Amino acid sequence: MTTATSRVAIVTGGARGIGAATALRLAADGLAVGVLDLDEAGAKGTAEQITGNGGRALAVAADVSDADSVQAAVDRVAAELGGPTVLVNNAGVTRDNMLFKMTDADWDTVMGVHLKGAFLMSRAVQKYMVEAKFGRIVSLSSTSALGNRGQANYSTAKAGLQGLTKTLAIELGKFGVTANAIAPGFIQTEMTKATAERLGVPFEAFIEGAAKTIPVNRVGQPEDIAALVSYLVSEESGFVSGQVIYAAGGPKN
């Protein structure tokens with residue numbers, strides 16, 4: 001068994017989009033994958049794709065904003081697949097609105113899933129990484145961390161993830177653990193489709209318009225982000241830590 005095939009990864013928000021693509025990519029790389037999502041059926045769908053391709057996977061229903069749910073999920077992955085030494089904090093939701101219309105619940109929900117969720121997951125898995133003297137934490141930020149109209153909650157959470165990432169890199173580095181963040185630009189997912197629907201714009205037109213603003217002249221696909229995650233959780237990435245990589249098809253100021 002190679003080093004890669006002995007690793008266990010957890011991917012949150014693994015039911016669809018970037019999370020599902022990442023879970024599939026890591027499984028193809030030889031890792032066993034715990035697929036966590038509030039949508040248990042969706043998580044099972046991803047896990048079944050992995051096992052159908054000959055990989056090892058476990059679907060676990062989990063609310064990453066709840067400490068007890070997180071601990072139970074991590075304990076189950078550890079018991080059934082092995083101690084997780086790779087964590088991808090991908091779970092996310094949107095509750096977009098202008099500031100004067102944004103409710104307390106809109107704010108708390110987004111903060112709970114993105115920011116508290118990444119904190120709770122990282123806290124729960126770090127002991128396995130420290131014991132193994134190897135760990136990789138990758139959190140999904142966003143270009144919205146730079147500010148985005150109608151996303152005060154989402155932008156703040158995604159910016160917070162960058163600070164969390166840099167702090168984890170400092171605290172855990174001496175144990176062989178790296179922490180990095182990926183800040184995707186426009187990625188073609190159900191989440192961006194929902195944004196188009198909220199704006200009343202056909203999704204194809206939304207994609208076409210976005211592509212025109214991107215230097216590489218296309219929008220991103222979940223697999224683009226999964227490929228970057230694959231490198232950041234590899235053995236070879238051990239000297240890359242505390243970084244925020246903007247994967248947006250061009251520079252973002």
Side-chain angles (χ1 to χ4, degrees), residues 1-66 68-94 113-114 117-118 120-122 124-125 128-129 132 135-140 182 184 187-194 203 219-235 247:
M1 190 163 58
T2 66
T3 301
T5 57
S6 68
R7 304 285 186 210
V8 176
I10 291 179
V11 179
T12 68
R16 61 185 60 80
I18 292 172
T22 297
L24 290 165
R25 175 59 186 262
L26 296 186
D29 290 344
L31 284 77
V33 184
V35 183
L36 272 58
D37 205 289
L38 196 60
D39 174 9
E40 186 174 15
K44 285 181 177 178
T46 301
E48 286 169 0
Q49 286 188 66
I50 292 171
T51 56
N53 291 330
R56 296 174 61 220
L58 174 69
V60 183
D63 176 358
V64 298
S65 68
D66 180 82
D68 290 339
S69 181
V70 164
Q71 193 60 59
V74 171
D75 288 347
R76 186 176 168 202
V77 170
E80 298 191 32
L81 293 180
T85 55
V86 171
L87 171 64
V88 181
N89 289 310
N90 168 75
V93 295
T94 55
V113 174
H114 292 271
L120 292 175
M121 289 298 308
S122 299
V125 303
Y128 297 101
M129 299 179 178
R136 300 285 187 263
I137 300 172
V138 178
S139 297
L140 272 294
I182 299 172
I187 307 296
Q188 188 174 338
T189 64
E190 290 298 315
M191 187 175 285
T192 48
K193 185 177 181 180
F203 194 33
V219 301
Q221 298 299 321
E223 291 74 17
D224 292 318
I225 306 304
L228 182 51
V229 174
S230 175
Y231 168 69
L232 290 174
V233 306
S234 70
E235 297 277 346

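Keep in mind that this is a model prediction, so the values were computed, not measured.
- For the pair Arg56 (side chain) and Thr51 (backbone), a donor-acceptor distance under 3.5 Å is absent.
- A distance-only check finds a donor-acceptor pair linking the side chain of Thr192 to the backbone of Thr189 [under 3.5 Å].
- Across Val60 and Ala73, no two heavy atoms sit closer than the pair CG1-CB, 3.7 Å.
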**Prompt:** Could you walk me through whether Ile182 and Leu232 pass the side-chain contact (heavy atoms from CB on, under 4.5 Å) check?
**Reply:** CA-CA 10 Å; Ile182 299 172; Leu232 290 174; 3.8 Å; yes
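- Looking at heavy atoms from C-beta onward, Val88 lies out of side-chain contact with Ile10 at the 4.5 angstrom threshold.
- Ser65 places no side-chain N or O within donor-acceptor distance of the main-chain N or O of Val113, the cut-off being under 3.5 Å.
- Two residues are said to be in side-chain contact when any heavy atoms from C-beta on lie closer than 4.5 Å; Thr85 and Arg136 fail this criterion.
- Note that OG of Ser122 is 4.5 Å distant from CG of Asn89, once rounded to the nearest 0.5 Å.
- Taking the side chain as every heavy atom from C-beta outward, Leu24 and Gln49 approach each other to under 4.5 Å.
- Checked by atom type and distance alone, the side chain of Asp39 pairs as donor or acceptor with a backbone atom of Ala41 at under 3.5 Å.
- Between Ile187 and Pro222 the shortest heavy-atom distance is CG2-N, 3.6 Å.
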**Request:** Take Val8 and Leu31 through the test side-chain contact (heavy atoms from CB on, under 4.5 Å) and record every step on the way to the result.
**Result:** CA-CA 6 Å; Val8 176; Leu31 284 77; over 6 Å; no
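- Smallest separation of non-hydrogen atoms from Met121 and Val74: CE-CG2, 3.9 Å.
- At least one side-chain heavy atom of Ile225 sits under 4.5 Å from a side-chain heavy atom of Leu140.
- Identified under the salt bridge (Lys or Arg N to Asp or Glu O under 4.0 Å) test for residues 81-90, with sequence neighbours left out: none.
- Between Gln71 and Ala124, the closest heavy-atom pair is OE1-CB, 4.0 Å.
- In this structure, the separation between CD on Gln221 and CD on Gln188 is 4.5 Å, given to the nearest 0.5 Å.
- For the pair Val33 and Val11, the minimum side-chain heavy-atom distance is below 4.5 Å.
- For the residue pair Thr94 and Met191, the shortest heavy atom distance occurs at CG2-SD, 3.7 Å.
- Contact of the Thr22 side chain with the Asn90 side chain is not registered, since no non-hydrogen atoms from C-beta on lie closer than 4.5 Å.
- Side-chain atoms of Ser230 and Asp29 include a donor-acceptor pair closer than 3.5 Å.
- Between the Asp37 side chain and the Gly14 main chain, a donor and an acceptor come within less than 3.5 Å of each other.
- Sorted by first and then second residue, the pairs that involve residues 222-234 and meet salt bridge (Lys or Arg N to Asp or Glu O under 4.0 Å), not counting sequence neighbours, are Arg218-Asp224.
- For Arg76 and Glu80, the salt-bridge test passes: some basic side-chain N is under 4.0 Å from an acidic carboxylate O.
- Of the possible polar contacts, none joining the Thr12 side chain to the Leu36 backbone as a donor-acceptor pair under 3.5 Å is found.
- Atom CD1 of residue Ile50 and atom CG of residue Leu58 lie 10.0 Å apart, to the nearest 0.5 angstrom.
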**Prompt:** Checking salt bridge (Lys or Arg N to Asp or Glu O under 4.0 Å) for the pair Glu235/Arg7: CA distance, chi angles, key distance, verdict?
**Reply:** CA-CA 11 Å; Glu235 297 277 346; Arg7 304 285 186 210; 2.5 Å; yes
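- Annotation: the span from Arg25 atom CZ to Leu228 atom CG amounts to 10.0 Å, rounded to 0.5 Å.
- One distance of note links CG of Leu87 with CE of Met129; it measures 5.5 Å at 0.5 Å rounding.
- In this structure, Leu26 and Val233 have side chains that are in contact, with non-hydrogen atoms separated by less than 4.5 Å.
- The shortest heavy-atom contact between Pro84 and Ala78 is CD-CB, 4.1 Å.
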